[in-house]
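Notes follow once the structure below has been shown.
Order of appearance sets the numbers: ligands from 1, and atoms from 1 within every ligand. Along the sequence shown, the residues carry numbers beginning at 1.
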Amino acid sequence: MWGGRFAEGPSALMREINASIAFDKRLWRQDIAASKAHAAMLAVRGIITQEDADAIEEGLDRVADEYEASGVPENASLEDIHMHVEHRLAELIGPAAGRLHTARSRNDQVATDFRLWVREAMDDALDALAALQRALVARAEEHAESIMPGFTHLQVAQPVTLGHHLMAWYEMIRRDRSRLEDARKRMNESPLGAAALAGTSFPIDREAAALALGFDKATANSLDSVSDRDFALDYLMAATQCALHLSRMAEEFIIWASQPFSFIALHDAYSTGSSIMPQKRNPDAAELVRGHSGRVAGAMTALVMTMKGLPLAYSKDMQDDKQPVFEAHDLLALSIAAMTGMVETTTFNTDRMRAAAEQGHSTATDLADWLVRAANVPFREAHHITGRAVKLAEDRGLPLWELPLEALRDIDPRIDQSVFDVLSVDASVRSRTSHGGTAPAEVRARIKEAKKALGV
Ligand code: ARG
């Protein structure tokens with residue numbers, strides 16, 4: 001397709017290093033859609049005849065049917081998907097196919113195709129994450145009152161509700177969606193018609209082609225259009241952040257499923273056995289979600305490194321933009337789906353969670369707060385008094401709320417019977433009614449907002 005000025009063909013090695021068809025064939029739908037929009041626009045502008053445009057459109061539909069039915073047949077001497085489509089079109093419709101490439105270049109073509117692909121990847125992730133959010137909200141509603149330990153440093157800190165914990169995950173995913181939505185808005189401009197780098201002398205209508213492909217408008221600078229891969233980086237960065245969230249959730253599943261914790265029983269559908277230890281039930285899906293996050297971050301880093309230092313406008317380095325995006329997309333899709341399945345099917349051992357919440361004197365802060373509120377003790381002093389009470393409880397091997405009143409009054413005589421109203425885990429949780437706090441009423445209010453936002 002470009003052999004005119006060469007006396008000899010490329011070496012086998014040149015062909016090998018140059019060919020991208022093995023991976024960019026995933027762009028075939030986008031390539032055909034963009035070509036159809038381009039041909040239609042060329043005809044409207046009188047740059048090609050309507051007859052040729054019709055032949056091109058019908059031919060492209062036939063190519064699409066063939067690819068749909070039996071995949072893209074790979075031919076390394078045709079380099080990439082763009083040349084594969086055009087070559088097959090020429091076989092099917094003859095010389096009219098040669099007019100399709102008027103007023104465009106593979107540089108704006110690949111930028112357009114890839115944008116369309118990434119836009120769809122963003123939409124897929126947005127939908128899948130919404131399903132995960134729905135699963136989280138449903139389980140949170142079920143467990144708005146279930147007590148579990150809240151941790152800092154993985155040490156029991158204060159009791160919280162399981163619903164509150166699940167809604168924390170919901171918030172992480174809400175931000176992931178907003179990042180993707182934001183990136184999608186920013187990227188939805190069409191580079192088609194930027195041609196090789198400088199625009200074209202043909203009287204094209206870039207705006208019409210842009211709108212036909214669902215873009216908001218045409219890009220403003222032809223040099224930028226063919227060299228910009230921000231949209232792919234935005235996607236990879238959003239995907240990385242999302243994968244990190246999924247990894248952190250997965251890590252909690254793994255810890256919770258471990259016998260010393262036993263907070264959850266993973267469903268059979270999301271666990272595997274050991275070939276040597278018959279008793280084992282391993283959280284492999286969660287571990288792979290955790291593991292895949294590293295590969296998604298690696299894909300992001302790969303494209304960052306590829307783009308770093310490239311001069312305007314197009315350089316062939318940029319052909320390496322696709323594999324990281326495809327890999328991140330596939331891993332993320334699997335990870336979101338697996339996490340959704342785990343959230344939906346896991347059994348929460350609420351008795352066990354409550355018992356764990358009662359360990360570690362988790363209501364010590366409530367005692368300190370009570371001293372501040374009921375006895376007007378400055379918080380720093382209250383903290384010290386509470387520390388002594390915790391020490392005493394530890395010495396006696398009792399939870400804080402089982403210490404006799406006299407023992408507490410020996411530490412500080414301002415303590416009275418009403419302190420016991422705040423020392424149970426239930427009272428502690430119920431009392432945290434500040435906005436975004438763990439009190440069941442508060443968690444239910446956030447769940448209500450979430451359901452409204454999700455339309456459920
Ligand atoms: N396969 C190429 C890519 O993905 C298409 C653009 C080729 N442009 C060029 N000037 N060789 O980047």
Report yes or no: is the cationic atom of R179 (NZ for Lys, CZ for Arg) under 6.0 Å from the centre of the six-membered ring of Y235, at an angle within 45° of the ring normal?
-> no

Sequence neighbours left out, what passes side-chain hydrogen bond (donor to acceptor under 3.5 Å, both in side chains) with R281? Give chain and number order.
-> D268, S271

Below 3.5 Å only, please: the N or O atoms of ligand 1 paired with protein N or O atoms, distance on each line.
unit_1, atom_1, unit_2, atom_2, d
ligand 1, 1 (N), D80, OD2, 2.8
ligand 1, 1 (N), Q319, OE1, 2.7
ligand 1, 4 (O), K322, NZ, 2.5
ligand 1, 8 (N), N107, OD1, 2.8
ligand 1, 10 (N), N107, OD1, 3.1
ligand 1, 12 (O), Y314, OH, 2.3

Per salt bridge (Lys or Arg N to Asp or Glu O under 4.0 Å), R115 is matched among D228, D230, D321 by D228

Side chains of H87 and N75, donor plus acceptor under 3.5 Å | no

Partner set under ring-ring contact (aromatic ring centres under 6.0 Å, His included) for F348, not counting sequence neighbours | H143

With sequence neighbours excluded, what pairs up with F326 under the ring-ring contact (aromatic ring centres under 6.0 Å, His included) test?
-> W117

